[in-house]
Amino acid sequence: MGTDTISDIITSIRNADMDRKGTVRITSTKITENIIKILLREGFIENVRKHQEGKKIFLGLTLRHKRNRKGPYRTSLNLKRISRPGLRIYSNYQKIPRILGGMGIIILSTSRGIMTDREARLEGIGGEILCYIW
């Protein structure tokens with residue numbers, strides 16, 4: 001795990017989804033908890049469990065998989081990190097892009113907390129674009 005916790009959780013979830021693993025364990029911080037709450041609310045993951053080992057707190061995520069056994073496996077979760085520590089990407093609420101015509105979501109870090117693109121447009125605030133999920 002590096003210093004960019006958002007990239008770490010996105011990579012962990014993407015790798016587990018590609019390997020068809022059912023669960024992922026990530027370290028718990030305020031930012032990761034807020035992002036996981038959005039993923040749970042939007043239906044990209046099934047369940048979240050919090051457990052502690054020593055002084056560290058971990059989140060156990062249960063991923064949602066397509067149960068189609070015929071044909072090649074398709075990843076059901078696509079995540080892309082946009083803003084990173086070396087290059088921050090900001091947008092006002094009028095210029096927030098739409099992913100797949102509104103089918104995907106964008107997670108933003110705003111002055112009122114971490115929220116989706118739909119919530120930011122409704123509240124009329126912009127912020128830093130953290131990642132795309134579709």
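Positions are given from 1, in the same order as the sequence printed here.
- There is no path of hydrophobic side-chain contacts, each under 4.5 Å, that joins I82 to L130.
- To the nearest 0.5 Å, atom CE of residue M18 and atom CG of residue L77 are 12.0 Å apart.
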So T116 and R41, side chain to side chain contact (heavy atoms under 4.5 Å, CB included) or not? Walk me through it.
CA-CA 11 Å; T116 64; R41 186 176 62 222; 4.1 Å; yes
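- Of the inter-residue distances, the one linking L39 atom CG with I133 atom CD1 reads 4.5 Å to the nearest 0.5 angstrom.
- Side-chain heavy atoms closer than 4.5 Å link hydrophobic residues (I, L, V, M, F, W, Y) into clusters, and following such links, possibly through other members, connects I38 to I35.
- The line from NZ of K30 to CD1 of I114 is 11.0 Å long, rounded to the nearest 0.5 Å.
- In this structure, L100 and W134 approach most closely via the heavy-atom pair CD1-CD1, 3.6 Å.
- At a threshold of 4.5 Å between non-hydrogen side-chain atoms, the residues I36 and I13 count as touching.
- Among residues at least two apart or in separate chains, salt bridge (charged side-chain N to carboxylate O under 4.0 Å, His left out) pairs with a member in residues 78-87 are D4-R81.
- Closest heavy-atom contact between K21 and L63: O-CD1, 3.7 Å.
- When all heavy atoms are compared, the tightest approach of G127 to L108 is O-CD2, 4.2 Å.
- Transitive grouping of hydrophobic side chains (ILVMFWY, heavy atoms separated by less than 4.5 Å) brings I31 and V24 into a common cluster.
- Under the 3.5 Å distance criterion, the side-chain polar atoms of S12 are matched with a main-chain donor or acceptor of D8.
- To the nearest 0.5 angstrom, R88 atom CZ is 13.0 Å from I129 atom CD1.
- Closest heavy-atom contact between D117 and P97: OD2-O, 4.1 Å.
- Shortest non-hydrogen contact noted between M115 and T110 is CE-OG1, 3.6 Å.
- Connection of I89 to I107 is not established within any shared hydrophobic cluster, with ILVMFWY side chains joined at heavy-atom distances below 4.5 Å, either directly or through further cluster members.
- Linking ILVMFWY side-chain heavy atoms closer than 4.5 Å, directly or via other members, places L61 and I10 in a single hydrophobic cluster.
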Please tabulate, for the side chains in residues 50-59, all donor-acceptor contacts under 3.5 angstrom to protein atoms that are two or more places apart in sequence or on a different chain.
from: K50; atom 1: NZ; to: E33; atom 2: OE2; distance (Å): 3.1
from: Q52; atom 1: NE2; to: G54; atom 2: O; distance (Å): 3.0
from: E53; atom 1: OE1; to: R25; atom 2: NH1; distance (Å): 3.4
from: E53; atom 1: OE2; to: R25; atom 2: NH1; distance (Å): 2.9

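- F44 is not listed as a side-chain neighbour of L79, based on a closest heavy-atom distance of 4.5 Å or more.
- To the nearest 0.5 Å, atom CG of residue N34 and atom OG of residue S109 are 9.0 Å apart.
- A heavy-atom distance below 4.5 Å is not found between the side chains of T27 and T5.
- Note that SG of C131 is 7.5 Å distant from CD1 of I6, once rounded to the nearest 0.5 Å.
- Among all heavy-atom pairs drawn from I45 and L40, the shortest one is O-CD1, 3.6 Å.
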